[in-house]
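Below, read A as the first sequence line, B as the second, and so on, with proteins coming before strands; counting in each chain starts at 1.
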Amino acid sequence: MTVTDTATRSSASAAADGVGVSAPRPDGVPKVDGSFVYSSDEYHDGSLWGVTLRSPHPRARILAIDTSQAAGVDGVRCVLTHEDVPGSKLFGMNTYDQPVLAFDEVRYQGEPVAVVAATHPEIARRACELIVVDYEELVPVTNPEIALSGQVEGLPQGGLVRHVRIRHGDVDEARATAEVTVKGRYEMGTQDPAFLGPESGLAVPLGDGGVELYVSTQDLHRDQRQVADCLDLPLDRVRLVLSGVGGAFGGKEDLNVHIHACMLALSTGRPVRMVYGREESFFGHVHRHPAIADVELGATRSGRLVFTRVRLVLDGGAYTSTSQVVIANGCYFAAGAYDVDNVEIDGYATYTNNPPCGAMRGFGAVQSCYAIESAMDRLAAALGMHPLELRMRNAISEGDLLPTGQPVDGPAPVQEILSYLRDLPLPADSDHTTGDMRARPGGVGNVTRGEGIRRGVGYALGMKAIGFSGGKDDTCTARVTVWIRDGEPVAEVHCAAPEIGQGVVTLQAQIVRTELGVRTVELRDSDTDIAESGASSASRQSWMTAGAVVGACALVRDEILERAAAVLGSPAAGLSLDGTEIHDCDGRPVLSVAELLGPESVSHAYTYSHRVTEPVDPERGQGDAHIAFAYAAHRATVDVDVDLGLVRVVEMATAQDVGTAMNPLAVEGQIEGGTVQGLGLAVMEELQFSDGRIVNPSFTDYLIPTMLDVPPMPMKIFEFPHPDSPYGLNGVGEPPNLSSTPAILNALRDATGLELPRAPVRPSDLVIELGGRANRRASARPLQA
Amino acid sequence: METSLASAPMLRPSTWPDALQSRAEHPDAAPICGGTDLMVDINFGRSRPAALLDLTSVEGLDSWELIDDGSTVRVGAGVSFTTIVEELSHLCPALAQAARTVGSPQIRNRGTVAGNLATASPAGDAHPALLACWAQVEVESLRRPRLIEIDDFFVGPKSSALASDELIRAVRVPAATGPQQFAKVGPRNAMVIATASFALNLDVAGRRVGTGIGSAGPTPLRARQAEQMLEETLIDRWDSPGAVADDVIRRFGALAGEAASPIDDVRGSAEYRRHALAVLARRCLSWTLADLPGASARQVARS
Ligand SMILES: Cc1cc2nc3c(=O)[nH]c(=O)nc-3n(C[C@H](O)[C@H](O)[C@H](O)COP(=O)(O)OP(=O)(O)OC[C@H]3O[C@@H](n4cnc5c(N)ncnc54)[C@H](O)[C@@H]3O)c2cc1C
């Protein structure tokens, strides 16, 4: 149930199913009726099944691996270990440090050690059990603070992935002027992307010694480079094709089945399918970094922030993945969407023997937003000020300097966003004695008829960069081809951009309809036959792909008009194209495109780049690192049963600036999804560990919200066009994930009066009788502004 | 997704005698009703049965009937939780309420009480309700049929009194003669395994109090002292209970909490479970008391 209130758009862009319209997804119906081909459905005649043997230990020396018994099993076609990796034995998104198959030492539970191909998956699984790995178990390092102490042996780089320092103004001096200071430590557990479509793919050996890989991923070309390096093949012998992605959220940026399936296919000469089971999937992808954040805020009595200090520790686990970038992104926005003159931020990403953590929706900013927004509520309490008022007094606006020294450019409508939440009426009180029990804390568990229920309201504001930052400037290429079929123009778009559920396929067709007026738009498979699109990550893909498709359309239009000009003998500048017809300067149709092209086609590729960014300097973290910023805020209303510690989120009101809503329905979907993922992180989603071992690798105990946990989400979608982007659009996918979690935590604090220093909150944390004393908040504060 | 089952034989008897025969002839075949426990185990590699004995085609297994002059509901082994919710909420309110909390609509369409019993998880949601109602489990092998009292059914974590050649045919649940409640705590508002659960049955006709505790011990449990205490309190007041004192309700909760022997695990701490049980027991008691004929209105909505 969504209440949307979208500003009116210019009618020029409202072409039928063009930009700005909620055009239907081409993959929507197939995904619902079951005909959509996910990567786990890929099939090839005569294909074998690949299965992975994983380390049961979080840390152990590998003394020997004996595969002889497994290789002898009937139906087994090959068993491979690190010795069989043809090229680089290491891979990684930015740093090659993760073994394709473990050698010498395993560094996390679930690390791949060997792979088996067999005629049936069960045969392969049983053969895996017959592989004898002689391990010498070592004591795992699982505490990131201990890893940072520099006292433990055996971790890469002494346990430190990267230390990010940001220095802005002078915090020590500012402290003297602060009339009120608050300190808080906030922890966050490990969230899993919990996509429903597990890691899977099909590798097909090619006659030329190369290989073709059908796989679900967020970035075909970065995968291709790693796969080629590890297989010791030239890039043109490794072709990747995007297969149906059943969710990703960052967890499909790192390689999973890729190299293994290709190695098995090349060794056996047969196509090989690999599909992780649900439990294996929890070991097969990176998680969101668990975090410890210490925040100190200083303000004047009137509620102006004078300094912000944050120390953020993210546990990166066993291998680097993207930790060095995640910690940077966490630090860039650790001071929140506020204008503060004095900021000191120290961020550390660590190595431990926990499973690797990497990209996940929000990319470090989720953790820091949770910390700063929790601290802001504490500051509001100390000031006796309404939390929304404190935020509005300090909200960032265009031209303000970020802690990294970069001026905020592009629209920064934080006041508008917060005002919407301030002015929106609160949801009505629920009548728990007679109403539907599904609306109560505990839901269908039938635990309350109003007993113990308290309501709370909480706010949070989030900000993050859109696109790749810090000098990692990327491009996106698209090709658009127009030809005539049955007398009508048809356009085809070819782009490697991975559709991971966000709707980039819908968007490409919308853009072609708007730019060329061609109704029938077809999309080629995303693959590595075209230059790269960059990752579907960092909320960047709509922006980048739109840039490329708009550019390619312009080239196609120019050529069509020039050809028409030649035929008509009039200058191209006076002509225009509406899809089927060429018009003259008076808007009269003068030539049909079908007539003009005949059997020929017009085809152009275009490579789009965003503006140049620079890395921040290592000493003070200064630099113009970002291309754009996006903002969202939430107001959470919760009902808590303080006797049982159960929560029903009553409403999640949200407002976000999206620049231009290219497809309003898709935008709403992203905002709802991001909000719900944040709700999960607030009240239930946590991978739990015991000595480096995951104790809940299943959907039985790793809980994600059901429909009965999801509240109504009134939303306001602001459209302040971004000056630098195609159509003025801005990234949408990650911002709603930032402020959702802390808004709920703040609402729970409001309802219970407890500190709640850790997310997700467990029922026992919320039972006042159990946790009350140690956990009690320092001071109460007025509820209404 | 393919599993060992691709090659495992599927036995599909259509009559009860055939089912018993198959059970005897194929001791390594796993019975399957809804498959909502068994298939999960197979998927996770925890179970690799040589064959499956599919009971879903056995005639009559998926229906319920009233026996003993209408005083007992006999629920066939193949009756789904959905059917229980839709058809038995008046005759077996606690069981129906428990069935309502099981999984999702899809799981309730497939899952059965017999499967719940045979799995014998301490977290099985039917169990507290069956305990509170003094149900009997009707089991049978080629050797003989027998009735197992629910109190004798659960013998350890995930283990029951069911012999390896026996099948569950039905569950006999005395029809309610007074108010019943079932309540379950879990960190999600639906489709969640109980962190703790409690069932209460005020058997007005039998002048008895029945309880059941789930997810707070190695097996489902009965809160015997709580039952006794309440029976003593109600002894001469079953027909006109009036207002029951708050401290009776609190003691009932405390005794229910003490009856549990919970552990710390991934789903919750022992301390939380004990506490939650006490709260659930208090609330269930105040709701059932309010529903007794002759109750004072004051009893309503008190924690
Ligand atoms: C997503 C999901 C959510 C769930 N949620 C809940 C929940 O909230 N609460 C809850 O209690 N359970 C839950 N379960 C577990 C399961 O649904 C229940 O335990 C259900 O009652 C099992 O019944 P079934 O008919 O599906 O059993 P099956 O899986 O068919 O069988 C279970 C076991 O019983 C044996 N068996 C089955 N029938 C007989 C028989 N007639 N005689 C002898 N042995 C037999 C089988 O061999 C097997 O060992 C959930 C399961 C899933 C997958």
Side-chain angles (χ1 to χ4, degrees), chain A residues 40 49 120-123 125-126 129 198 275 277-279 432-433 437-452 641 643-649 680 683-684 686 688 690 695-696 698-710 760-765 767 769-770, chain B residues 1-8 40 42-46 48 94 97-98 100-104 123 125 181-198 264-280 282-284 286-287 290 300-303:
Chain A
S40 50
W49 285 88
H120 191 281
E122 187 61 19
I123 294 175
R125 275 195 282 271
R126 291 183 189 193
E129 290 170 13
V275 180
R278 177 58 58 204
E279 181 170 9
H432 296 295
T433 47
M437 77 176 158
R438 290 174 298 183
R440 302 175 203 156
V444 298
N446 182 41
V447 298
T448 177
R449 294 182 184 174
E451 299 94 331
D641 181 336
D643 298 328
L644 291 171
L646 303 181
V647 178
R648 182 72 166 99
V649 180
V683 295
M684 63 181 88
E686 182 176 10
Q688 298 181 47
S690 165
V695 295
N696 56 339
S698 76
F699 283 156
T700 308
D701 285 308
Y702 184 85
L703 300 181
I704 54 179
T706 69
M707 278 315 283
L708 292 190
D709 301 285
V710 174
V761 175
R762 300 190 185 112
S764 54
D765 300 334
V767 176
E769 211 180 306
L770 292 182
Chain B
M1 116 155 287
E2 278 93 329
T3 66
S4 59
L5 292 174
S7 49
V40 174
I42 290 172
N43 252 334
F44 275 82
R46 292 189 292 247
R48 282 173 175 166
Q97 182 59 56
R100 173 66 187 89
T101 73
V102 171
S104 58
D125 284 325
Q181 284 292 337
F182 172 85
K184 156 177 160 181
V185 168
R188 186 159 71 182
N189 288 321
M191 198 157 85
V192 70
I193 295 181
T195 307
S197 64
F198 187 77
D264 291 335
D265 69 13
V266 65
R267 292 174 196 151
S269 67
E271 183 193 26
Y272 173 76
R273 287 185 152 111
R274 219 184 266 285
H275 168 83
L277 266 176
V279 175
L280 293 183
R282 284 202 309 259
R283 292 183 182 175
C284 284
S286 62
W287 302 336
V300 182
R302 179 186 305 280
S303 92

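Between the OG1 atom in A/Thr700 and the CZ atom in B/Arg267 there is a gap of 7.0 Å [rounded to 0.5 Å]. Atom CE of A/Met684 sits about 6.5 Å away from atom CG of B/Asn189, to the nearest 0.5 Å. Atom CG of A/Asn446 sits about 5.0 Å away from atom CH2 of B/Trp287, to the nearest 0.5 Å. Separating the CE atom in B/Met191 from the OG1 atom in A/Thr706 is a distance of 7.0 Å, to the nearest 0.5 Å. A/Glu279 contributes atom CD, which lies 7.5 Å from atom CZ of B/Arg46 (distance to the nearest 0.5 angstrom). Rounded to the nearest 0.5 Å, atoms CG (B/Asp265) and CD (A/Gln688) are 9.0 Å apart.
Interface residue A/Arg648: backbone and side-chain heavy atoms are both found under 4.5 Å from chain B. The contact between A/Leu703 and chain B is made by backbone and side chain atoms together, counting heavy-atom distances below 4.5 Å. At a 4.5 Å heavy-atom cutoff, the contact between B/Phe182 and chain A is made by backbone atoms alone. Within the 4.5 angstrom heavy-atom criterion, no atom of A/Pro760 approaches chain B. Neither the backbone nor the side chain of B/Val40 comes within less than 4.5 Å of any heavy atom in chain A. In this structure, the portion of A/Met437 lying under 4.5 Å from any heavy atom of chain B is its side chain and not its backbone.
The pair A/Glu451-B/Arg282 does not count as a salt bridge, with every side-chain nitrogen at least 4.0 angstrom from each carboxylate oxygen.
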Note to self: side-chain contact (heavy atoms from CB on, under 4.5 Å), that's the test. Do A/Leu770 and B/Glu271 meet it? Break it down for me.
What the structure shows: CA-CA 8 Å; A/Leu770 292 182; B/Glu271 183 193 26; 3.7 Å; yes

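The two residues A/Val447 and B/Arg283 make their nearest non-hydrogen contact at O-NH1, 3.0 Å. Closest approach of A/Val444 and B/Gln97 over heavy atoms only: O-NE2, 3.7 Å. B/Phe44 approaches A/Ser698 most closely through the heavy-atom pair CZ-CB, 3.6 Å.
A 4.5 Å side-chain heavy-atom check between B/His275 and A/Val767 finds at least one atom pair inside the cut-off.
Between chain B and the options A/Asn696, A/Val683, A/Ile704, heavy-atom pairs under 4.5 Å are most frequent for A/Ile704. The choice from A/Thr448, A/Val695, A/Val647 that makes the most heavy-atom pairs within less than 4.5 Å of chain B is A/Thr448.
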